[in-house]
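Structure first, commentary second.
Model, not experiment: these values are computed from the prediction.
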Amino acid sequence: MGTGMMGRIHADAARRVGARVVAVAGSSRTSAERAVREWAGGSAALEVEDLITHPDIDVVHLCVPNHLHEPLAARALEAGKHVVCEKPLALDLAGARALAGSARTSGLTAAVPFIYRYHPLVAEARARVQAGSAGSIHLIHGSYLQDWLSNPEDTNWRVDAGKGGASRAFADIGSHWCDLVEWVSGHRIQEVSALTKTAYAERPGAAGTAPGAVSTEDIASVAFRTDRGAVGSVIISQVSPGRKNRLWFEISTANVSVGFDQEQPETLWVGGREGNQVLTRDPNTLSPEAAELSTLPAGHPQGYHDAFRAFVADVYASVSHGAAVGRMPTFEDGLRAAAITEAVLASAERGAWVRVGDFSPALLTASAAGASLPES
């Protein structure tokens, strides 16, 4: 479901792992028919409900605006379909919690494409910082920077909080960064202190309609503590000119540091007191999981499409075998992302540290000088 860029990417990944794209549904029959002509040849153009209930369909991929995720994912699970749903799972934490609960009780595969886990050198970073010789992790920091909303005339359906949710930049790309560093480090972000900024008070409406007020953030600056004693920080921005999709993190342990830049996915920076190295992807020298994800020989670049293919392969393996593959991000990970996002919004609103999960919607309107944090 969905005929934009992400729908095309999901369909491509499905075909690359041997699946058949049975049908496409969009915002209209016209858009679905266009997708079939342009990138889903051999598929049927269906209405949404017909796709959900089609007897030949095993997995429904939801690549639609955020406000449709929760109702369509719930409907697909009810119909007995396995689901791949783009993040965020829902417009708020309550909706994400409900979906995760439905997926849990259904026994169906329900996955969220946090696909940056699937870069081979991300797996290598994970192996190195979690190795016993690495020592304790002290520091986790980085950024995720884009520029597609850096001009005041730039707009998109995500700018509309009714369709995108109360958080934009953090829910959209900050969720990817947090999922990635938690996966690599094995730590959980436990407490956050956040600042947010909206760069432009107004932006044009969709399809060139009249300008409207913007209530969602373009920038988030977040300091955090983890459950295992590390500290960290991240800058999230969709208004940084020249930065197209720069997801970067660095993790420092007692004995080694690793740094990964998603725009340079074939290399991993490895730092030590005695010297540094830039590790180039080579399946002959990587850790087992990183080597498994290296589907091409050294010197033949892998990237985003390959990571997406590996994610979809794990999803379909889970569908076939009836058990989740260990690294596959599930609706539980989508729920985790929603909890961190709401903690960031609560912290920015209150001007205070907030523990992830230890807050209620009332805190979003409480003054900074008001009520104290609830006990964990």
**Request:** Using the side chain to side chain donor-acceptor pair (under 3.5 Å) rule, pick out the option among Asp218, Asp147, Asp172 that qualifies with Gln238.
**Result:**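 Among the candidates, only Asp172 passes.
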**Request:** Have a look at Thr226 and tell me which of Gln190, His187, Glu182 forms a side chain to side chain donor-acceptor pair (under 3.5 Å) with it.
**Result:** His187
If every non-hydrogen atom of [X] is compared with every non-hydrogen atom of [Y], which pair is closest and at what distance?
| X | Y | value |
| --- | --- | --- |
| Lys81 | Ile57 | NZ-O, 2.8 Å |
| Thr3 | Gly26 | CG2-CA, 3.9 Å |
| Asn255 | Ser133 | ND2-O, 2.9 Å |
| Val24 | Ala32 | O-CB, 3.7 Å |

ILVMFWY network linking [X] to [Y], side-chain heavy atoms under 4.5 angstrom:
| X | Y | result |
| --- | --- | --- |
| Val325 | Val319 | yes |
| Leu91 | Leu62 | no |
| Val192 | Phe249 | yes |
| Val270 | Leu121 | yes |
| Val315 | Leu108 | no |

Can a salt bridge be assigned to the pair [X] and [Y] using a cut-off of 4.0 Å between side-chain N and carboxylate O?
| X | Y | answer |
| --- | --- | --- |
| Glu47 | Arg29 | yes |
| Asp333 | Lys87 | no |
| Arg327 | Glu292 | yes |

**Message:** Between His119 and Phe260, is the ring centroid distance below 6.0 Å?
**Reply:** yes
**Message:** Using side chain to side chain contact (heavy atoms under 4.5 Å, CB included), reason through Leu247 and Glu263 one step at a time and then give a plain yes or no.
**Reply:** CA-CA 7 Å; Leu247 187 166; Glu263 290 188 338; over 6 Å; no
Hey, could you give me the [atom1]/[atom2] distance between [X] and [Y], rounded to the nearest 0.5 Å?
| X | Y | atom1 | atom2 | result |
| --- | --- | --- | --- | --- |
| Ser237 | Lys197 | OG | NZ | 10.5 Å |
| Trp183 | Phe114 | CH2 | CZ | 13.0 Å |
| Ile340 | Asp179 | CD1 | CG | 8.5 Å |
| Thr109 | His82 | OG1 | NE2 | 5.5 Å |
| Thr280 | Leu268 | OG1 | CG | 10.0 Å |
| Asn151 | Arg203 | CG | CZ | 8.5 Å |

**Message:** If you apply the rule side chain to side chain contact (heavy atoms under 4.5 Å, CB included), what do you find for Arg246 with Asp261, and how did you get there?
**Reply:** CA-CA 7 Å; Arg246 189 177 188 262; Asp261 180 352; 3.5 Å; yes
Treating [X] as the side-chain partner and [Y] as the backbone partner, does any N or O pair qualify as donor plus acceptor under 3.5 Å?
| X | Y | answer |
| --- | --- | --- |
| Ser106 | Ala103 | yes |
| Thr253 | Ala134 | yes |
| Ser221 | Ile235 | no |

**Request:** With Ile140 as reference, evaluate Cys178, Ser185, Ser252 under the side chain to side chain contact (heavy atoms under 4.5 Å, CB included) test and give the passing residue.
**Result:**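 For Ile140, the side chain to side chain contact (heavy atoms under 4.5 Å, CB included) check succeeds only for Ser185.
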Give a yes-or-no answer on whether the side chains of [X] and [Y] include a donor-acceptor pair shorter than 3.5 Å.
| X | Y | answer |
| --- | --- | --- |
| Tyr116 | Tyr144 | yes |
| Ser167 | Glu217 | yes |
| Asp314 | Tyr118 | yes |
| Ser287 | Glu124 | yes |
| Gln146 | Asn245 | yes |
| Glu86 | His10 | yes |

Less than 4.5 Å apart, any side-chain heavy atom of [X] and any of [Y]?
| X | Y | value |
| --- | --- | --- |
| Val234 | Ile236 | yes |
| Trp157 | Val159 | no |
| Pro204 | Pro211 | no |
| Arg158 | Trp148 | yes |

**Request:** Establish, yes or no, whether the cationic atom of Arg225 lies under 6.0 Å from the six-membered ring centre of Trp353 and within 45° of the ring axis.
**Result:**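 Cation-pi check for Arg225 and Trp353: passes.
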**Prompt:** Can you list the steps and then say if Thr198 with Thr216 is a side chain to side chain contact (heavy atoms under 4.5 Å, CB included)?
**Reply:** CA-CA 7 Å; Thr198 301; Thr216 54; 6.0 Å; no
**Prompt:** Going through the checks in order, is the ring pair (Phe, Tyr, Trp, His ring centres under 6.0 Å) test met by His141 and Trp177?
**Reply:** CA-CA 10 Å; His141 65 113; Trp177 191 91; 8.7 Å; no
**Item:** Stepwise side chain to side chain contact (heavy atoms under 4.5 Å, CB included) check, Leu279 with Arg128
**Value:** CA-CA 12 Å; Leu279 185 70; Arg128 290 183 177 237; 3.7 Å; yes
**Request:** Under the side chain to side chain donor-acceptor pair (under 3.5 Å) rule, what do Gln302 and Ser294 come out as? Steps first, then yes or no, please.
**Result:** CA-CA 8 Å; Gln302 289 185 217; Ser294 294; 4.6 Å; no
